[in-house]
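Below is one structure, written out as structure tokens, with a few remarks after it.
In what follows, every heavy atom counts, from backbone to side chain, and hydrogens, waters and symmetry copies are set aside. Every number for a ligand or one of its atoms is a count from 1 in the order of the listing.
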Amino acid sequence: MDFIRYAEAAAALLNADMADVDDLVAYLDDREWLAQRATDRDCMLLRKFQRELRPVFEAGTDADTGEDTGADTGAVVERLNDLMGRHPVTPRISDHDGDLHLHVATENASVAELLVGESLLGLATLVCDLGPHRLGVCAAQPCTDVFVDTSPNQSRRYCSERCSSRANVAAYRARQKAVAATA
Ligand SMILES: [Zn+2]
Ligand SMILES: [Zn+2]
């Protein structure tokens with residue numbers, strides 16, 4: 001498994017609309033075999049998982065700032081461990097593309113269980129290998145989308161280019177206003 005890809009899929013899953021099964025099918029548009037099995041119950045379980053997962057990304061954002069990084073690392077780890085306890089993950093070693101790597105077992109797993117398992121395995125591996133501060137929530141209010149920071153200098157603050165330029169424009173206008181006020 002490419003754990004970064006699974007961690008990024010976890011962020012995309014959290015950001016996705018999940019109102020009904022059509023939304024889930026749209027989210028799975030590159031995995032047709034899974035989309036065919038999606039049900040309203042999967043949607044309901046995934047909405048619940050979205051609520052459970054958000055605090056993990058919020059704790060990861062807090063780990064970026066201030067001196068109490070240790071405490072927030074603890075929060076990320078604690079929440080992820082708690083989620084893995086509540087949603088047991090069944091990994092499988094696969095060699096379908098030539099290299100041995102981990103997947104989440106698909107036998108007997110519902111669509112929701114599979115997506116939850118992939119999210120947790122991906123995020124847990126990311127946090128262990130690259131650190132909890134790689135998880136973040138977009139800083140461009142009112143956006144609340146989450147992201148995985150894979151930038152080399154680990155400085156990402158926004159979910160997308162769109163939010164980044166929106167925040168830059170807002171900061172520029174604020175500076176101009178401040179200049180005008182003192183002129
Ligand atoms: Zn594979
Ligand atoms: Zn955003």
Side-chain angles (χ1 to χ4, degrees), residues 1-19 23 26-38 46-47 49-51 53-65 72 76 84 87-126 128-130 132-174:
M1 152 179 106
D2 176 352
F3 70 87
I4 289 181
R5 199 167 54 79
Y6 276 152
E8 283 174 337
L13 180 65
L14 214 169
N15 295 337
D17 284 327
M18 215 42 87
D23 293 324
Y27 173 76
L28 292 168
D29 70 341
D30 55 347
R31 301 173 86 182
E32 207 179 316
W33 62 278
L34 255 191
Q36 288 168 354
R37 288 165 40 187
L46 288 170
R47 281 199 301 274
F49 181 63
Q50 287 177 322
R51 290 193 294 275
L53 192 56
R54 176 166 291 280
V56 174
F57 282 85
E58 288 171 350
T61 299
D62 293 343
D64 289 345
T65 55
D72 297 308
V76 173
M84 286 190 287
H87 303 277
V89 180
T90 310
R92 283 276 181 282
I93 300 173
S94 171
D95 67 349
H96 66 89
D97 58 4
D99 287 320
L100 295 181
H101 58 286
L102 284 179
H103 275 275
V104 175
T106 54
E107 303 87 38
N108 307 319
S110 70
V111 172
E113 283 167 346
L114 184 63
L115 293 178
V116 168
E118 288 175 352
S119 296
L120 293 178
L121 200 58
L123 290 171
T125 313
L126 178 103
C128 292
D129 283 10
L130 300 180
H133 54 282
R134 298 287 188 150
L135 307 179
V137 182
C138 185
Q141 282 166 4
C143 181
T144 57
D145 280 2
V146 301
F147 59 84
V148 171
D149 182 2
T150 54
S151 65
N153 57 0
Q154 304 170 36
S155 60
R156 183 164 167 188
R157 295 180 60 215
Y158 305 104
C159 69
S160 58
E161 275 303 317
R162 197 164 149 266
C163 274
S164 171
S165 50
R166 196 158 54 78
N168 283 335
V169 169
Y172 174 76
R173 291 214 182 108

Looking only at heavy atoms, the pair that brings Pro91 and Leu121 closest together is CB-CD2, 4.4 Å
Checklist line | Shortest non-hydrogen contact between Ala105 and Leu114, atoms and distance | finding: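 Answer, listing the atom of Ala105 first, then Leu114: O-CD1, 3.8 Å.
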Under 2.8 Å from the Zn ion (ligand 2), the protein N, O or S atoms found are Cys138 SG, Cys143 SG, Cys159 SG, Cys163 SG
| query | Counting distance only, does the side-chain N/O of Glu118 pair as donor-acceptor with the main-chain N or O of Ala10 below 3.5 Å? | reply | no
*Is there a donor-acceptor contact under 3.5 Å from the side chain of Asn15 to the main chain of Val146?*
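Indeed, once roles are kept as given, a pair shorter than 3.5 Å links the two residues.
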Pairing residues for Phe49 by the ring pair (Phe, Tyr, Trp, His ring centres under 6.0 Å) criterion, not counting sequence neighbours:
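Phe49 satisfies ring pair (Phe, Tyr, Trp, His ring centres under 6.0 Å) with His87 once adjacent residues are dropped.
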Would you call the rings of His96 and His101 parallel, tilted or perpendicular, taking 30° and 60° as the class edges?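 Rings of His96 and His101: perpendicular, as their planes differ by over 60°.
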Give a rough value, rounded to 10 degrees, for the angle at the Zn ion (ligand 1) between atoms NE2 of His103 and NE2 of His96.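 With the Zn ion (ligand 1) as the vertex, NE2 (His103) and NE2 (His96) sit 100° apart.
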